[in-house]
Amino acid sequence: MQAPPLPRFLIPRLPFFYGWVVLGCICLAGFARQGPAVAVLSIFVVPMTEAFGWSRTEMSGAVSLGGVLAAVLSPLIGPFVDRRGARLVLCLAVAGTGIACMALSLIQSLLLFYVLFCFARMIWAGPFDLGLYGALNNWFVARRGIAASFATLAQMSGLVGLPLIAQFAISGADWRAGWIAVGATVLLVGFVPCWLLLVRRPEDVGLQPDRLADGKAPPLVEPRWSRAQAMRTPAFWLLSLYTVLLFPVQAGVSLHNAPHLIERGLSPVAAASVIAFVAMLSGAASFGIGFLPRRWPVRYQMALCAACMALGSYGLIFVSGVESAMAAAGLFGVGIGGIMLLLPVAWADYFGRESYGAIRGVALSLQVTAQAAGPLASGMLRDWSGTYTDSLLLFSTLATLGVIAALAAQRPRLLSKTTSP
């Protein structure tokens, strides 16, 4: 497949591997991805429910429905990313997200909120994930963990920056200005680099993935599994089980974190600061984990991250001030940063890059369905009991079970061919 004109012009003239340019585009798109993230929506829960009289369950339902729509879409997009690459998918995802977020500033009804936010959330959960990590795994094999650490750090930076941008805009005007600020940031940061510079695979421009091409490292044995072959392995279903257990926790706690902290006595600005701190720790954790030796089994790292999420969820029950909130939410954030980095790496390491989109598309449908259940369960339990205690106990239990699933998820027997320079 022919690459865009600008990369074909730049590649012979650059003194470094073009994959780092691709990684830069992935990082910018990853930052822009977070416009409809639950951490961003969390900033809008209190002002929007007060403005319209909606319940927490009604707002949470938009996150859940968007995830269900992504579950239907993801298996269809995965093979397209394998064949055509991530450029078109990511450009449409950035444009759709930015426009939808800005349009949320105009809503007057719950129905219109659902239409716009479900659309943005569907893009967040499906096309963005497949596009970002499909591109990354095509360009990086030997340095996949390091590249993924930068990509995940950029996404966590979006979870730091966009909630603060939203909160400052809300403080200076109202929640409608917050959505305009979020949508404009998404469009400014994410669209142009992906359109001009992304290339599907290194082979399309006469290159090979990172260190496979520089002659300084021995040839790597890269696994090559089809979707059908992967789905017949225990590893596929154990990684899927881990995903189904952890992502309701990630989404459920993240969406309701700000309202929970406000109910525990923190000011809205303090709650937003805690959320930003969580994102910073998540980014630091993902960045550091990416530099760990590749020989360390990824399943042990995944188990440790699940344990952090279990302890963090439980600790949030007892928040009494900013310090205890930072401690519990920060531990939870370390776990989130880890799983956001490790799961895409685990799928690529276990099953290879050739059918990554198709394999990940099936797993992602399970992930976003589980992710959709977390906010809805948390909102319903909050409306029923009047506090978030029951939901946090539930999420702590699910994360603990995730530790067991991770430890059992051993790498499948290798179907491979050697990729050589």
Side-chain angles (χ1 to χ4, degrees), residues 1 26 30 67 69-90 93 122-142 144-145 147-148 151-152 200-203 209 220-247 294 297-299 301-302 339-371 402 405-406 408-417 419:
M1 182 176 295
I26 291 169
L69 294 173
V72 175
L73 187 64
S74 296
L76 304 176
I77 294 178
F80 178 85
V81 173
D82 288 335
R83 293 192 307 271
R84 301 296 301 273
R87 177 171 172 259
L88 179 60
V89 169
L90 285 179
M122 176 184 69
I123 296 172
W124 182 94
F128 262 119
D129 195 287
L130 291 169
L132 292 170
Y133 290 103
L136 185 148
N137 290 322
N138 275 331
W139 280 86
F140 292 91
V141 176
R144 182 173 288 151
T152 308
R200 183 182 70 113
R201 288 174 180 255
E203 290 85 352
L220 295 181
V221 177
E222 187 181 5
R224 300 183 63 186
W225 298 78
S226 70
R227 179 164 62 185
Q229 290 169 331
M231 291 179 68
R232 290 195 292 268
T233 65
F236 177 92
W237 296 106
L238 286 167
L239 287 178
S240 298
L241 176 60
Y242 178 85
T243 298
V244 167
L245 290 169
L246 267 294
F247 275 89
R294 294 276 279 156
V298 68
R299 59 195 177 100
Q301 300 170 49
M302 290 166 56
I339 66 168
M340 297 298 286
L341 167 77
L342 293 170
L343 264 175
V345 170
W347 285 108
D349 282 357
Y350 278 28
F351 300 110
R353 65 190 178 105
E354 189 168 281
S355 299
Y356 174 84
I359 295 168
R360 178 72 169 147
V362 174
L364 194 60
S365 68
L366 302 175
Q367 174 179 314
V368 297
T369 302
Q371 206 167 22
Q410 298 186 44
R411 181 180 292 215
R413 183 182 300 175
L414 191 66
L415 296 178
S416 65
K417 81 175 181 180
T419 304

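This is a predicted model, so every value here is computed, not measured.
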Going from [atom1] on [X] to [atom2] on [Y], what distance comes out if it is rounded to the nearest 0.5 angstrom?
{"X": "Leu246", "Y": "Met340", "atom1": "CG", "atom2": "CE", "answer": "11.5 Å"}
{"X": "Gln410", "Y": "Leu238", "atom1": "CD", "atom2": "CG", "answer": "9.0 Å"}
{"X": "Leu130", "Y": "Ile77", "atom1": "CG", "atom2": "CD1", "answer": "6.5 Å"}
{"X": "Ser355", "Y": "Arg360", "atom1": "OG", "atom2": "CZ", "answer": "15.0 Å"}
{"X": "Leu364", "Y": "Trp347", "atom1": "CG", "atom2": "CH2", "answer": "10.0 Å"}
{"X": "Phe351", "Y": "Leu239", "atom1": "CZ", "atom2": "CG", "answer": "6.0 Å"}

For Ala409, is there any backbone N or O sitting under 3.5 Å from a side-chain donor or acceptor partner on Tyr350?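 Looks like yes, one N/O pair under 3.5 Å.
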Provide the closest heavy-atom pair for [X] versus [Y] in the form atom of the first, atom of the second, distance.
{"X": "Trp225", "Y": "Ile359", "answer": "O-CD1, 3.7 Å"}
{"X": "Ala235", "Y": "Pro412", "answer": "CB-CD, 3.7 Å"}
{"X": "Pro127", "Y": "Met122", "answer": "CD-O, 3.4 Å"}
{"X": "Arg227", "Y": "Val362", "answer": "CD-CG2, 3.4 Å"}
{"X": "Ile26", "Y": "Ala151", "answer": "CG2-CB, 4.0 Å"}
{"X": "Trp237", "Y": "Met231", "answer": "NE1-O, 2.7 Å"}

Between Phe247 and Leu343, does a side-chain contact (heavy atoms from CB on, under 4.5 Å) hold up when you go through it step by step? CA-CA 11 Å; Phe247 275 89; Leu343 264 175; 3.3 Å; yes
Do Met302 and Tyr242 pass the side-chain contact (heavy atoms from CB on, under 4.5 Å) test, and can you show the C-alpha distance, the side-chain angles, and the key distance before you say yes or no? CA-CA 9 Å; Met302 290 166 56; Tyr242 178 85; 3.5 Å; yes
Counting C-beta onward and ignoring hydrogens, is there a side-chain heavy-atom pair between Glu203 and Pro209 closer than 4.5 Å? yes
Take Val81 and Tyr356 through the side-chain contact (heavy atoms from CB on, under 4.5 Å) test and state the conclusion after the steps. CA-CA 9 Å; Val81 173; Tyr356 174 84; over 6 Å; no
Looking just at side-chain N and O atoms, do Arg144 and Asn137 make a donor-acceptor pair shorter than 3.5 Å?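 Yes - a donor-acceptor pair under 3.5 Å links their side chains.
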Should Arg87 and Arg200 be marked as a side-chain contact (heavy atoms from CB on, under 4.5 Å) after you check the CA-CA gap, both sets of side-chain angles, and the distance that decides it? CA-CA 7 Å; Arg87 177 171 172 259; Arg200 183 182 70 113; over 6 Å; no
